[in-house]
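Throughout, a chain's letter reflects where its sequence line sits, starting with A, and its residues are numbered from 1. Here the structure is a predicted model, which means the values were calculated and not measured.
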Amino acid sequence: AQSVTQLDSQVPVFEEAPVELRCNYSSSVSVYLFWYVQYPNQGLQLLLKYLSGSTLVKGINGFEAEFNKSQTSFHLRKPSVHISDTAEYFCAVSEGGSQGNLIFGKGTKLSVKP
Amino acid sequence: GAVVSQHPSRVICKSGTSVKIECRSLDFQATTMFWYRQFPKQSLMLMATSNEGSKATYEQGVEKDKFLINHASLTLSTLTVTSAHPEDSSFYICSAATRTGRDTQYFGPGTRLTVL
């Protein structure tokens, strides 16, 4: 069975500092990987996704993530965060080739302080 | 593109009543729609998957007679919470997958249900 682990429930960081949000997954088959962001009382917005090809994926708002198959990781990074990046971030996985059935991690609350 | 709307955004109802939540794909046809619920400070849990014109597939532990899902067209799915109770209070989020973009779900803004 697939599972997703987000090791950090909360990540506080100062504005303009770099940040990495960690995500590890387990699966016996090839997977698609996603990062979503959720602002308070809103739905989820897709930040980026890995389907195949280059292991470094660039997304919106300056975020990027790197797929590491050997470490079964898909960590999210941003070199310089803004106050507006304060939100909940969810990593998700689905089996490659299938439609839907996303398995979500528990989320990481990113708090950017001035 | 790929915008999904939900209506209402918030609803408060009395215990024992039924509530209908609509999920619409505004600029694309969604062959599959998904319904999730999210408890405070927790992740999303898939409730059911619905394909246009067929019965929904419910996840284990989700009562299909309590959470009625209808996916009558390629742009509309509805979730009806029947005989709602306070423990049904939650944030309900739908998502939709396009015909061609089968790998990605696009999420609605969510509906906050409060049952008194």
Residues of residues 7-19 of chain B contacting chain A, heavy-atom criterion under 4.5 Å, by residue number:
B:R10
Is chain B contacted by the side chain of A:Y36, its backbone, both, or neither, given a heavy-atom distance below 4.5 Å?
side chain
Within the 4.5 Å heavy-atom criterion, are A:W35 and A:C23 side-chain neighbours or not?
yes
Rounded to the nearest 0.5 Å, how far does CD1 of A:I103 lie from OG of A:S94?
9.0 Å
So NE2 of B:H85 and CG of B:L116: to nearest 0.5 Å the spacing works out to 13.0 Å
Which bit of B:I93 comes within less than 4.5 Å of chain A, counting heavy atoms only: side chain, backbone, both or neither?
side chain
So, applying ring-ring contact (aromatic ring centres under 6.0 Å, His included) with B:Y36, which one of B:F107, B:F91, B:Y92 is it?
B:F107
Once you round to the nearest 0.5 Å, how far does CD of B:E22 lie from OG1 of B:T78?
7.0 Å
With rounding to the nearest 0.5 Å, note down the distance linking CD1 in B:I21 to OG1 in B:T111.
4.5 Å
Between A:Q38 and chain B, with a heavy-atom cut-off of 4.5 Å, which part of the residue counts as in contact: side chain, backbone, both or neither?
side chain
With a 4.5 angstrom heavy-atom cut-off, is it the side chain or the backbone of A:L46 that approaches chain B, or both, or neither?
side chain
Taking the six-membered ring of A:F34 (Phe, Tyr or Trp), confirm whether the NZ or CZ of A:K49 is under 6.0 Å from its centre and within 45° of its axis.
no
Heavy-atom cut-off 4.5 Å, strictly under: side chain, backbone, both or neither for B:Q6 against chain A?
neither
Is A:F90 in contact with chain B via its backbone, its side chain, both, or neither, using a 4.5 Å heavy-atom distance?
side chain
CG of A:D8 to NZ of A:K109, rounded to nearest 0.5 Å, is 14.5 Å
Does any pair with a residue in residues 53-68 of chain A pass side chain to side chain donor-acceptor pair (under 3.5 Å), and if so which ones, sequence neighbours excluded?
A:K58-A:E64, A:N68-A:S70
